[in-house]
Amino acid sequence: MEDGGWALVRKHQWQAAKSIEDVAAVVTLDAGDWNDLHPWNKSVVADRLFAAAQRLVYGKDDAPRSPEPTGVRLADGRLTIAFDDGTGDCGLDTMDGADPGEFELVWEDGSRHTVPARVEGNTVVIDVPWRRPAAVRYAWRNAPSHGLLCGSNGLPIPPFAESIA
């Protein structure tokens with residue numbers, strides 16, 4: 001997986017939307033081509049922006065939103081990542097019906113290893129193959145495509161890089 005580039009742009013856009021009042025961001029990983037940061041499927045983008053506007057402008061808390069990671073826990077050789085979309089039961093799945101993909105573990109020395117993952121309820125579980133990782137990343141490349149996670153509402157999960165305490 002590439003390190004940086006579009007993933008960093010996405011991360012900073014998401015962080016800005018979380019920290020600036022009256023700003024929202026939507027995930028559009030599935031709405032474009034592998035070689036273009038700007039999605040071509042404007043209808044998908046518009047639908048997601050409309051849902052964000054429903055929440056932001058009109059206070060409709062029940063408008064659909066993308067599930068986000070809420071916690072990362074490493075215990076007994078299993079890394080568990082919890083997700084929430086504001087409903088209490090986000091119903092994780094993948095957009096293509098495949099096993100969850102696009103996960104990698106990162107170690108202190110900067111080395112990375114792509115790992116398989118599985119959905120268990122509102123969490124993703126990764127068996128840690130050997131030494132303790134420093135971080136976990138999801139969809140951390142320019143054009144992630146295999147096993148993209150989404151909630152039961154069909155909205156994809158944003159790329160993330162989370163430290164493991």
Side-chain angles (χ1 to χ4, degrees), residues 1-72 79-88 90-96 98 100-106 110 112 114-115 117 119 122-124 126 133-165:
M1 292 191 185
E2 307 98 50
D3 191 19
W6 296 357
L8 287 174
V9 170
R10 292 178 184 120
K11 174 186 173 185
H12 292 295
Q13 288 173 330
W14 200 259
Q15 286 176 333
K18 294 293 180 194
S19 62
I20 301 171
E21 191 174 336
D22 297 329
V23 173
V26 296
V27 183
T28 59
L29 293 174
D30 60 323
D33 291 323
W34 67 271
N35 61 348
D36 192 351
L37 179 61
H38 301 282
W40 60 266
N41 191 339
K42 304 303 186 200
S43 175
V44 166
V45 176
D47 289 343
R48 293 177 188 168
L49 287 172
F50 179 73
Q54 292 289 312
R55 284 189 315 279
L56 186 68
V57 177
Y58 301 107
K60 295 190 175 200
D61 292 334
D62 60 343
R65 67 179 195 187
S66 290
E68 296 181 55
T70 58
V72 176
L79 181 67
T80 304
I81 308 163
F83 292 87
D84 185 28
D85 67 355
T87 67
C90 58
L92 292 179
D93 203 353
T94 60
M95 300 189 90
D96 59 6
E102 304 294 341
F103 283 94
E104 68 178 2
L105 299 177
V106 182
R112 303 180 308 262
T114 301
V115 290
V119 170
N122 292 329
T123 65
V124 168
I126 298 170
V136 60
R137 300 194 301 195
Y138 165 72
W140 203 259
R141 59 190 189 108
N142 287 353
S145 60
H146 172 71
L148 292 176
L149 289 171
C150 64
S152 59
N153 59 17
L155 295 178
I157 290 173
F160 62 84
E162 295 284 333
S163 296
I164 299 171

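Considering every non-hydrogen atom in both Gly101 and Tyr138, the closest pair reads O-CE1, 3.5 Å. Residues Asn122 and Gly88 share a closest heavy-atom pair of ND2-O, 3.4 Å. The minimum heavy-atom distance between Arg48 and Gly154, with the atom names listed, is NH2-O, 4.3 Å. Closest approach of Ile164 to Ala135, counting heavy atoms only: CD1-C, 3.7 Å.
In this structure the side chain of Arg10 never reaches within 4.5 angstrom of the side chain of Pro158, judged on heavy atoms.
Using a 30° and 60° split on the angle between ring planes, Phe160 and Phe103 fall in the perpendicular class, above 60°.
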Self-check item: Chi angles and distances behind the salt bridge (Lys or Arg N to Asp or Glu O under 4.0 Å) call for Lys42, Asp47
Solution: CA-CA 9 Å; Lys42 304 303 186 200; Asp47 289 343; over 6 Å; no

Self-check item: side chain to side chain donor-acceptor pair (under 3.5 Å) between Glu68 and Trp14, intermediate numbers included
Solution: CA-CA 11 Å; Glu68 296 181 55; Trp14 200 259; 3.1 Å; yes

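In this model, no donor atom of one side chain and acceptor atom of the other lie less than 3.5 Å apart for Ser43 and Asn41.
Annotation for His12: atom NE2 counts as buried by contact number, over 12 foreign heavy atoms lying within 6.0 Å. Environment of CG in Asn35: crowded, with over 12 heavy atoms of neighbouring residues, nucleotides or ligands closer than 6.0 Å. Atom NZ of Lys60 has 12 or fewer neighbouring heavy atoms from other residues, nucleotides or ligands inside a 6.0 Å radius.
Under 4.0 Å is where a charged nitrogen must lie from a carboxylate oxygen, and between Arg141 and Glu102 at least one such pair does.
Each of Leu29, Ile81, Asp93, Val119 was scored for a side chain to side chain contact (heavy atoms under 4.5 Å, CB included) with Leu149, with one residue passing: Val119.
How far CZ of Arg65 is from CG of Leu155: 11.0 Å, rounded to the nearest 0.5 Å.
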